[in-house]
A.B. asks: 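Take this structure first; my questions come after.
Predicted, not measured: the structure shown is a model, and the values here were computed from it. Only heavy atoms go into these numbers, but all of them, side chains included; no hydrogens, no water, no symmetry mates. Letters go in sequence order (proteins before strands), and every chain restarts at 1.
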There are 2 protein chains.
Amino acid sequence: MNDPTPSPAASADDRRNAIIEATVESFGRLGYYGTSLQRIATEVGLTKAGVLHYVGSKEGLLDLALTETYDQQTVDIMAAMVTEERPLIAEMWRKVVAVNAARPALVHMFSTLSAEALDPAHPAHDYFARREHDTVANALNINWRVPDGVNVEHLLQAGFSMMDGLQLRWLRSPGRDLAAMWADCEDALMPLPLWEGYR
Amino acid sequence: MNDPTPSPAASADDRRNAIIEATVESFGRLGYYGTSLQRIATEVGLTKAGVLHYVGSKEGLLDLALTETYDQQTVDIMAAMVTEERPLIAEMWRKVVAVNAARPALVHMFSTLSAEALDPAHPAHDYFARREHDTVANALNINWRVPDGVNVEHLLQAGFSMMDGLQLRWLRSPGRDLAAMWADCEDALMPLPLWEGYR
DNA sequence: GTCTATATAACGATAGAC
DNA sequence: GTCTATCGTTATATAGAC
């Protein structure tokens, strides 16, 4: 009530969301280096200066896309597993797959930036290094139910690696179902009858 | 003898090799979009125009690095397996790992371009799409020795995906041994005693 | 909050001298 | 085979008007 400024064309929140959406798509398709402020600006109907008003600098786009967007949607999965008594690794992975299958643009961005950020000089290098470490470390704190003789750490490393590689294949094959592709991987990684009752 | 042109600073072949080396490193660290002709030129001691004399255009750098360099070193592995009577999948993968462990710069380039080229508009998109398909298709033509009940196609998809993801982790962890990391993955993907005698 | 205008630099590519 | 010079375009970022 009694807003001192005249109504803008869109609310600041809408602008931010539009910038995020355009950024996620552009980072996925062109990477950080391949993305220009002009591209984002054109996409959301602003000028470069207009976009910079929201994000400060090009690196601000990274923060917006990774910390503020990708991370927020991902934390919950592992949090849900902690509450279970003796959870199944296969079930966690199926949950991850279900979440990612519904957000291809974010997975695309993650995959592209993840490779680009192998370079220690990349502005997102530390983010991805820390994230990779935390993913396995967090999973190792859970008392998974697995068949006798299974090395949980090796299994987690193998499974998460497989998922990263599979997502690349998924993004390259238009129309394919990530969950179905992962089901085949699960069959290979956790073969029956050894994993009967454990997946 | 009686060379009509004055001796250049380096032979044309040396120039080409230097350009290839600089290109592979730059594509790996910065991707195709992040790489500039000026960067390559500086690295090999030429001007932009000098580099263009060798490669024609920026896309020529891609050809040089992928078709002419990466591919040449990779074909032999599968060719060696075809000669065997009933080869082991695990042995093929160990050979791939041994080759890749010795060429981190090429693996880095492959990983970065592979993600960047998910975009259908990327100049290397078709190369990677075809390559991914051919890798599995070629492997499926071989009469592998596997335990009863193993689905070879699922296993190959799972294993190659795992290798792609593992290589990203390897490139992010300075000093780690790819072969050792893969050995852990093999334990998870081909667990004993089921795979006793088959790996 | 969004714009225009500008600064400064880099981009890929070509023409043409040597 | 390698250079200089240049074209036309684009890049990130800032200043300041409105």
A.B. asks: Expected output is a numbered-order residue list: members of residues 40-53 of chain B with a heavy atom under 4.0 Å from any atom of DNA chain C. What is it?
C.D. replies: K48(B), A49(B), L52(B)

A.B. asks: Roughly how many Å is it from CD1 in I19(B) to C1' in dG1(D), rounded to a whole number?
C.D. replies: 11 Å

A.B. asks: Consider the side chain of L37(B), meaning its heavy atoms from C-beta on, and name the nucleotide among dG1(D), dA13(C), dT2(C) that approaches it most closely.
C.D. replies: dA13(C)

A.B. asks: If we only count heavy atoms from C-beta on, is the W93(A) to C185(A) side-chain gap below 4.5 Å?
C.D. replies: no

A.B. asks: Figure out the CG/P separation between D13(A) and dG1(C), and round it to whole Å.
C.D. replies: 11 Å

A.B. asks: Please determine whether the number of non-hydrogen atoms from other residues, nucleotides or ligands lying under 6.0 Å from atom CD of E132(B) exceeds 12.
C.D. replies: yes

A.B. asks: Can you see if the side chain of R39(B) gets near the phosphate of dC11(C) - specifically, an N or O under 4.0 Å from OP1 or OP2?
C.D. replies: no

A.B. asks: With L156(B), which of T135(B), L140(B), N138(B), I142(B) fulfils side-chain contact (heavy atoms from CB on, under 4.5 Å)?
C.D. replies: L140(B)

A.B. asks: Name the residue from F27(A), Y70(A), Y127(A) that meets the ring pair (Phe, Tyr, Trp, His ring centres under 6.0 Å) definition with F110(A).
C.D. replies: Y70(A)

A.B. asks: Return the minimal non-hydrogen interatomic distance between A117(A) and F128(A), and the atom names on each side.
C.D. replies: CB-CD1, 3.7 Å

A.B. asks: Measure CD/Q38(B) against C1'/dT10(D) and give the value in whole Å, please.
C.D. replies: 16 Å

A.B. asks: Among dA13(D), dT2(D), dT2(C), which is the nearest nucleotide to the side chain of Y54(A)?
C.D. replies: dT2(C)

A.B. asks: Starting at atom OH of Y33(A), determine the distance to atom P of dA10(C), rounded to an integer number of angstrom.
C.D. replies: 16 Å

A.B. asks: Under 3.5 Å, is there a donor-acceptor pair between the T42(B) and Q38(B) side chains?
C.D. replies: yes

